[in-house]
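Each residue takes its place number in the sequence, starting with 1. Being a predicted model, the structure only gives us computed values, none of them experimental.
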Amino acid sequence: MLLFTPGPTPVRENVRQAMAEATIHHRTPEFEAIFRQTREHLLALFGSDEVVMIAATGTGAMEAAVSNLCHHTLLSVNAGKFGERFGKIAAATGLVSVELTYAWDTPASVDDIMAALRHNSEIDAVAVQICESAGGLRHPVEEIAAAVKAFNPDITVIADGITAVGVERIDVSHIDCIIAGSQKAFMLPPGLAMLGLSHAAVAKIGNGKGYYFNLASEITKQRQNTTAYTAATTLVIGLLEVFKTIEAYGGIGKLYCDTARRAKAVRFALEAIELHVYPQSPAKAMTTIDDEQASEIRTLLKETFGVNVAGGQDHLKGKIFRINQMGLIDLNEMAWVLNSVELALALLGRRPYDGTANRVFNEEYFKSRLAPKEN
Ligand SMILES: *Cc1c(COP(=O)(O)O)cnc(C)c1O
């Protein structure tokens, strides 16, 4: 079965092998060296001043960010399941939660955020998804962050980059905290979350909040290449192997470029077989199609063609399907997924099969190489 869900993503063979080695103790020079290298790779990837790894899923990092970096009122954007979660975390943490709600296909607007900030001077942190995975929606986070900082540099900007870090280059100039998780673009099993922090964020954290998710304790320890509690050694070893794999692939710049090209070519291919892309501003992490027959298409993909794509949640259950674009994806697999979608439409009597999806995908993806050569 081809795993094409936008998290978890498939773990590559060499990474599985690296994680299959005998367990090593975390308080050893051997592990500290691995931790230090992984930390350096993460600092470069995030482009942030500080970085923290915690043994938790992405939601743990969201909670750590909110509890340590919001001291009074959190303004969050809810355009899907994950945005909604920020508000729930704030409430559960005893903070005041103010939410801007959008339809799941609609990106947040800078004007709405600014109006909310002007209306409520108690807001000291803003939290938003870079890609809201519920609908594959890209929010204009960089613009939001710049506007927030221009309005008041003391307001902390928290960006959930769980389906954006490793997918595209994010400008963190105005972002104080950017969050990532292992089972999305990092192509690892779930259980490791990462936070990139600005100097201002580290200052605001101060002595930290809470116990396990106290970021101050982790920052102190991680600067010494160790962790406050037992490190998720296996996943950190896996993460270092992922960074080596990306380097061998040609570097993160090449990965960003290929991801953008592939996501665009997939979108064109699906539109060419008369499918509709759901979000008004699609993220590069996944391709989301809304369709009355989304469940039937998913069932055919799984049972007839061996392809597992994700469905929708809540009111979008049975209404959308989401195809992963994160990580290192083999083109032959991507082409098979598109071919399967086209075959599924033919089996449903929607349109005769003629190979359009694959033709458009290949023409678009290899556009620059297929162009007639000038002489
Ligand atoms: C997957 C995801 C999360 C939550 O991560 P878990 O690892 O399931 O806790 C948060 N935000 C976004 C945007 C996600 O895609």
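Other residues, nucleotides and ligands contribute over 12 non-hydrogen atoms within 6.0 Å of the CZ atom of Arg27.
Side-chain atoms of Phe366 and Arg261, non-hydrogen and from C-beta on, do get closer than 4.5 Å to each other. Ile323 places a side-chain heavy atom less than 4.5 Å from the side chain of Leu270. The closest side-chain heavy-atom distance from Leu347 to Tyr353 is not below 4.5 Å. A heavy-atom distance below 4.5 Å is found between the side chains of Val341 and Leu301. Taking the side chain as every heavy atom from C-beta outward, Phe46 and Met194 approach each other to under 4.5 Å. You'll find the side chain of Met114 stays beyond 4.5 Å of the side chain of Asp112, heavy atoms only. Under the 4.5 Å side-chain criterion, counting only non-hydrogen atoms from C-beta, Ile175 is not in contact with Ser198. Between Leu215 and Val202 there is no side-chain heavy-atom pair separated by less than 4.5 Å.
Linking Ile, Leu, Val, Met, Phe, Trp and Tyr whenever their side-chain heavy atoms come within less than 4.5 Å leaves Val52 and Val165 in two separate clusters. The hydrophobic clustering, which links ILVMFWY residues whose side-chain heavy atoms are closer than 4.5 Å, places Ile179 and Leu45 apart. The hydrophobic clustering, which links ILVMFWY residues whose side-chain heavy atoms are closer than 4.5 Å, places Val66 and Val98 apart. Under a hydrophobic-cluster definition in which Ile, Leu, Val, Met, Phe, Trp and Tyr are linked whenever side-chain heavy atoms come within less than 4.5 Å, directly or via other members, Ile297 and Leu338 are assigned to the same cluster. In the hydrophobic clustering of ILVMFWY residues, with side-chain heavy atoms under 4.5 Å counting as a link, Ile289 and Leu345 come out together.
Note that CE of Met62 is 4.0 Å distant from CZ of Phe86, once rounded to the nearest 0.5 Å. Atom-to-atom distance recorded for Leu197:CG and Asn68:CG is 9.0 Å, nearest 0.5 angstrom. Atoms CG and OG, on Leu300 and Ser340 in that order, are 10.0 Å from each other to the nearest 0.5 Å. Between the OG1 atom in Thr5 and the NZ atom in Lys184 there is a gap of 9.5 Å [rounded to 0.5 Å]. In this structure, the separation between CD on Glu364 and CZ on Arg359 is 12.0 Å, given to the nearest 0.5 Å. To the nearest 0.5 Å, the span separating OG1 on Thr57 from CD on Gln183 amounts to 6.5 Å.
In this structure, Tyr365 has no side-chain hydrogen bond (donor to acceptor under 3.5 Å, both in side chains) partners at least two apart in sequence or on a different chain. Glu32 meets the side-chain hydrogen bond (donor to acceptor under 3.5 Å, both in side chains) test with no other residue; sequence neighbours excluded.
Of the candidates Asn78, Thr163, Asp160, Asp160 is the only one forming a side-chain hydrogen bond (donor to acceptor under 3.5 Å, both in side chains) with Gln129. Put simply, the residue from Ile123, Thr156, Ile113 that forms a side chain to side chain contact (heavy atoms under 4.5 Å, CB included) with Val148 is Ile113.
Residues Glu168 and Thr259 have side chains that never bring a donor and an acceptor to within less than 3.5 angstrom of each other. If you check the side chains of Gln222 and Arg39, you find no donor sitting under 3.5 Å from an acceptor.
Separation of the Tyr229 and Tyr212 ring centroids falls under the 6.0 Å cut-off.
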Kindly list each side-chain donor-acceptor pair under 3.5 angstrom involving residues 326-335, sequence neighbours excluded, with atom names and distances?
none

Indicate every side-chain donor-acceptor pair of residues 239-248 with a distance under 3.5 Å to a residue at least two apart or in another chain.
residue : atom : partner : partner atom : Å
Glu241  : OE2  : Asn14   : ND2          : 3.0
Thr245  : OG1  : Asn14   : ND2          : 2.9
Thr245  : OG1  : Glu241  : O            : 2.6

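Each salt bridge (charged side-chain N to carboxylate O under 4.0 Å, His left out) pair with one or both residues in residues 203-226, not counting sequence neighbours, appears once here: Glu50-Arg223, Asp124-Lys204. Among residues at least two apart or in separate chains, side chain to side chain donor-acceptor pair (under 3.5 Å) pairs with a member in residues 299-314 are Lys81-Asp314.
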_Pair Lys149, Asp176 - check salt bridge (Lys or Arg N to Asp or Glu O under 4.0 Å), show working._
CA-CA 10 Å; Lys149 290 297 182 181; Asp176 294 293; 2.6 Å; yes

*Could you walk me through whether Asp291 and Tyr278 pass the side-chain hydrogen bond (donor to acceptor under 3.5 Å, both in side chains) check?*
CA-CA 9 Å; Asp291 195 283; Tyr278 173 69; over 6 Å; no

*Tell me, with the steps shown, if Arg138 and Glu132 meet salt bridge (Lys or Arg N to Asp or Glu O under 4.0 Å).*
CA-CA 6 Å; Arg138 179 65 156 89; Glu132 169 53 77; over 6 Å; no

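When all heavy atoms are compared, the tightest approach of Thr9 to Leu3 is C-CD2, 4.0 Å.
Residues Glu363 and Lys367 are not paired through a salt bridge, judged by the lack of any N-O separation under 4.0 Å between the basic side chain and the carboxylate.
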